[in-house]
Amino acid sequence: MKNLDVVILGAGMSGLCMAIKLREAGISNFEIIEKNSEVGGTWHENTYPGACCDVPSALYSFSFEPNPDWSRTYSPQLEIKRYFQHCADKYALRPHIRFNCEAVSADYQQEGHWLITLANGEQLRSRILISGIGQLNRPNIPHFAGAEQFTGQTFHSARWRHDLDFKGKRIAVIGSAASAIQLIPVLAKQAEKLYVYQRSASYIIPRGDQEYPTKAKRLFRKLPWTQKVLRLYYYLRQDCFTFGAMLAGSFRGKIIKWMTSQYLNASISNPDLRAVLRPDYPLGCKRVLVSDDFYQAFEEDNAEVVTSPISGMNSDGIITRDNIPRPVDVIVYATGFQATDFLVPLIVHGENGIELNTVWRDGAEAHRGVALAGFPNFYMLYGPNTNLGHSSIIYMVEKQVGYLMQCITKTLKEDLRSLQPTAVAQQAFNKRMQDALADTVWGGDCGSWYKNESGKIINNWPYNTTRFGREMKTVDFDEYQQERG
C-alpha cells in the first residue's frame, strides 16, 4: 500500500492550485486522483457550444500565473481548459496525477491517517486528505414520467453529444439559466424549431465581451503590470459595486435591476415575450446572468419560450399542462448540477466511523468552509459557504489554499497525529454565516441551487471577497484541536 503525505481529489482548478503550492513548499509526496482523462474539472467536462466563463478571464485565473494571451474579455471553454493544462505542465504536476481514477471511499484511521479506496480496489494511505471535487460536477437530471418512452436523443449539457448534427432538428432545451443561455443562441441558428422550457426567468445583464486586440496582448506580455491593473479593476468592480447588489434592499441592487430591465426592453421588441422573460422574484435571489446574445435568439421565428409546466414525456417529446403538442427530435437538459450534495458519491467516514452524510443530514457546513470537526486532517476546497454570486471563485480558492498550507505545514513539520477544528469553533462560525446570509438576497423567496431542500443556504459566502481574504489570511490554531504522536 502506498504511503503519501497528501492525497488531493480532483485535478480541476482547486486541485491544481493546491498541488502547485505544495510543490512550492517542497512537499512532493502527494498524488491527485482525477476521474477524467485530463485536467480542468468543469472546464474539461462542459464542452457544450457557447460555453464560456461569466467572470472576466483576467480575474478568472491564478494571481500567480497571469495569461497575457487570452483571446477575449470572457474566454471560451477550450481556452480556459488549455490554461489549466498549461498550469499542470509548467508546474510539473502530471507525474503526481492518476487520470481515469476515482476514489469511492475515505476512512479515517485512529493512528492518524486516511485510507482511500479507489474504484479499481486499490488503497492509498495518506496523512492528509483534501477534496478538490467542488460543487458543479454532478449533472442534475430531473425525473419526468414517461421519459423512457421518448424515441429521440436526450442528454445533459455537461455531457454534450458532439456526434449529433443539430441542423434542421426540432430541439427542446429544458432550463433557461447559466448553461442554457450560452448554448441556446448557438442551437437557435441550427434548429428548425427550438423550444426553451423555462421554469422561471433570469435577470440578465449584457456581457460586453470583446476580442483583445494584438496590441493589448503584446502590452500584457511586455508590461505585466498592465494586466495586473486590469485584474484589479475587475476585482474592485465586482467587490465594491456588484457585491453591494447582493444585500437585501440595497440601492446598488435597484440599479442593477434597472439595468437588467433596460437591457430586456432594448433587446426584445415583442411586449408579450418581454413579460415572459421578466423575472418575478428579487434580483440576486437566483444567480444574475450575463449574455450578449440570449435575448436576441428569440427575435428569430424558430425559437419559442414555453412556460407551461412539464407534466411528463412521451415518444414524441415533452408533455405540458397546456396540452399543446410540441414534437421534438432532441431534448437537452440544461438543468444544472446537484450543487448541494457535496462530495457525493464519495463515502467519507471520520472519527469512530461516523459518516459525513449523517453529519450533514440537515445541510453541509464546515469550519471556515474548509475543515470539519470529527474529520481530522481532512480539508475541502470550494466547500460549503465559499461560493460567490458576484466574483471569481479562483480568488476564493487561492485564499483557501493559503489557509490550508498553514495547516498542512504545521501537521507535517510538527509531526501531528491529527488536526481538526473544535466543534465549538465550527458551530460559532456557521451560526455567524447563517445570521449574515439572512441579510442577503439569497435568502429571498425563491428556489435556487444556493439552498438545500429545507431552504438553508449552504453554498454562498455572505460577505465580499476582501473580507474572505482577510479572514483566511492566518489560521487561528486556538480554533483547532491538536493531537501529537
Test of understanding: with side-chain hydrogen bond (donor to acceptor under 3.5 Å, both in side chains), list the residues that count as partners of R82, not counting sequence neighbours. none
My understanding is that only residues two or more places apart in sequence, or in another chain, count here; which of them pass side-chain hydrogen bond (donor to acceptor under 3.5 Å, both in side chains) with D272? none
Ring centre gap for [X] and [Y] strictly below 6.0 Å:
X    : Y    : value
Y60  : Y74  : no
F468 : Y463 : no
Y83  : W43  : no
F375 : Y379 : no

Decide, yes or no, whether a salt bridge links R98 with E122 under the criterion of side-chain N to carboxylate O below 4.0 Å.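 Judged by the 4.0 Å cut-off on N to carboxylate O distance, R98 and E122 do form a salt bridge.
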Charged N to carboxylate O under 4.0 angstrom, E38 versus R94?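 Here E38 pairs with R94 in a salt bridge, since their nearest N and O are under 4.0 Å apart.
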Among side-chain atoms of [X] and [Y], is any donor-acceptor pair under 3.5 angstrom?
X    : Y    : result
S202 : K286 : no
N140 : T335 : no
R326 : T320 : yes

Between W160 and F155, how do the two ring planes meet: parallel, tilted or perpendicular, split at 30° and 60°? perpendicular
Y295 and Y263 aromatic ring geometry - parallel, tilted or perpendicular at 30°/60° bounds: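 The arrangement is tilted - the two ring planes meet at 30° to 60°.
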Option from Y382, W442, W461 for which side chain to side chain donor-acceptor pair (under 3.5 Å) with N387 holds: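 When side chain to side chain donor-acceptor pair (under 3.5 Å) is applied between N387 and each of Y382, W442, W461, only Y382 qualifies.
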For residues I319 and I310, determine if any side-chain heavy atom of one lies less than 4.5 Å from a side-chain heavy atom of the other. no
Atom pair CD/CG of E102 and L9 - distance to nearest 0.5 Å: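 One gets 9.5 Å once the value is rounded to the nearest 0.5 Å.
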Distance in Å, I457 CD1 paired with M433 CE, rounded so as to fall on 0.5 Å steps: 11.5 Å
Ring-face cation of K257 near Y203 (centre distance under 6.0 Å, axis angle within 45°): no
Sidechain-backbone polar pair: S308 side chain, R321 backbone, donor-acceptor under 3.5 Å: yes
